[in-house]
Amino acid sequence: MRQVQWLVMKPLESFLANPLRRGWPMLLAWLLCCLAAAVWLINEESKTTREDFETQSRILHRLLTQRAEQHEALFAALIALERSLPQMSPELSNKTLQSFVASVIASYPQVTGVQHHVLDASTQKWNTPEAVSSPEQFSAALGLALRDGQAVMPDAQGFILLRKSNAHSVWSLHVRADRLLNADEQPLPGITLNLAPDAGPSLWRVAAKHQVWPSLEPLHFEKHLAVRSQPFLMTTEQARLPEQLPWSQFMARVLALMGFWGAAVFALTQYRQRVLAQRQLELAHASRINSMGEVAAGMAHELNQPLAAVLSNVQAAVRWLQDDPPEVNDAREAATAAAKQAKRAGEILQRLRSFISPQAGVREAVDLNEVVTSALSLVGESLQRRDVSISSRLADALPAVLGERVAFEQVMVNLLLNAADAMEANGTTKRQIHIETSCVAERLQLTVRDSGPGLTAEVKTRLFEPFFTTKPNGMGMGLGLSICEHIVQQAGGDLSADNADGGGAIFRMNLPVATKTAKAKNA
Ligand code: ADP
């Protein structure tokens, strides 16, 4: 847990303590995180796109191979039919051929025509029954088919496949390329498909319906159709388009990251506030304990007097009871006085206990004059030993303020000891502290003025900063005034400091008068 605090919490805490100065590396780290997430996302998405593209390409390849196999089967049937024709009468053979072609065209939508070409042995000319888009090319293709057994030539609508049957007979199959695939088998809009023989122009091309994004290389697939007599190369390409990138997912993740970041900052702020509050509580307690030395001296002095009175009263009572006859009335009076003094000593001790106790005190209507008297009873003795003389002008019938009595005493003790410290450190010969209380326009004011060195410009601005101290060698923790300010602010007031006219420092505590309703609410 401790390591976690040092490794994680402390750096983050320090970042939160000064986000402007230390914020940019964190922001940079965050941006890098976002960038890494974006790269990862795009990569993942590209993988999926590639897989989808390859699956689609393989499906297209299988379908086109199937169609090529159909063409093969057709040629085989035509050649077989041709062989049986001579045994038939010319009329029957013509009829048979026509009905076969009609059935082929009906069952294979891509086949738009079937023709039989016979080479006239005497003229060496082909009896080409129908005109084609390019008769010369067609004749050349027929010659090629006769030589090699097969040929292909592009046509306005697709391509013509030619297959040799015997030394003077060639069959041709007119294929309409855009019917090679059914409506539900067409390539996806982003894919470009091309079918071409190894040498020669394209037989069929379907262009993608998207614009290509030039900065990205398109996905590519190529494979020959798995039919030996039609080994056409099928190629597919798919452009990687910006709109195919997962922008919405990316934005969602960036937002999620931002949310996570916000939550982390919020949690850390909460954590820091808790730690600070805890620390402040501990320090307030420590500061009270620190003042204990001074306080104990004052206490000893305070207790001395009631205890001495108890002793002398009890001794007198014993003496009067030993008289003959015993002076019972006098003895009773002395015993009563002793009991009163013992009670006072008890109250003083109670005050000491509550002064050093760490728990929050009770809010009550407090008389500032009493706070002054009480604080002086705590540290008056110590101040006297340090040659500090105290004077005061306390207002009569001062209205009460609502707050913690002990906390106000702590403020007062702190102001008195600070004044004494400043005068001692400065070597002031005439060490004086003057305390005043007053009430003007529903505001109570308590001032503590000393005859010390006063406040330099730097001290004045940093006075209430926690841990700011000018006291040497750990003599001061620099927390006294920040705690005092906190206490006064808690009671709805403010604490300020200035240089007094005629030298020295003057601390002013301004507090609101406790209203009746506030008092009642608190009761
Ligand atoms: P600490 O007493 O531990 O130094 P404080 O918060 O009580 O912490 O005081 C902070 C600083 O304020 C002191 O170190 C001192 O420099 C300055 N200071 C406080 N009171 C006076 C005073 N009466 N005169 C001059 N300087 C003072």
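All of these numbers come straight from a predicted model, not from anything done at the bench. In what follows, residues are counted from 1 in the order of the sequence shown. Read the numbers this way: they start at 1 and go in the same order the structure lists the ligands and their atoms.
Within the 4.0 Å heavy-atom shell around ligand 1 one does not find F464. The closest approach between A419 and ligand 1 falls below 4.0 Å for a heavy atom of the residue. At least one heavy atom of G454 sits closer than 4.0 Å to an atom of ligand 1.
Here the options are R449, R393, R508, the test is salt bridge (charged side-chain N to carboxylate O under 4.0 Å, His left out), and the partner is E436; only R393 passes.
Annotation: L481 places an N or O atom under 3.5 Å from an N or O atom of ligand 1; distance criterion only. Checked against a 3.5 angstrom limit, the closest N/O atoms of S482 and ligand 1 fall outside it.
For atom 13 (C) of ligand 1, the candidate residues are D421, T470, V448, I506; the nearest heavy-atom contact is made by T470. Evaluated by nearest non-hydrogen atom to atom 23 (N) of ligand 1, the leading choice among D450, N418, L415 is D450.
Residues L60 and L181 meet the side-chain proximity criterion, which asks for heavy atoms closer than 4.5 Å.
Contact annotation for L417 and ligand 1: no heavy atom of the residue comes within less than 4.0 Å of the ligand.
Counting protein heavy atoms only, atom 24 (N) of ligand 1 is closest to A422 CB, 3.4 Å.
Close approach of ligand 1 to L463 (heavy-atom distance below 4.0 Å) involves ligand atoms 12 (O), 17 (C), 18 (N). Those atoms of ligand 1 with a heavy atom of N414 less than 4.0 angstrom away are 7 (O). Distances below 4.0 Å separate heavy atoms of G480 from the following atoms of ligand 1: 5 (P), 6 (O), 7 (O), 8 (O).
Residue Q270 places its CD atom among more than 12 non-hydrogen atoms of other residues, nucleotides or ligands, all under 6.0 Å distant.
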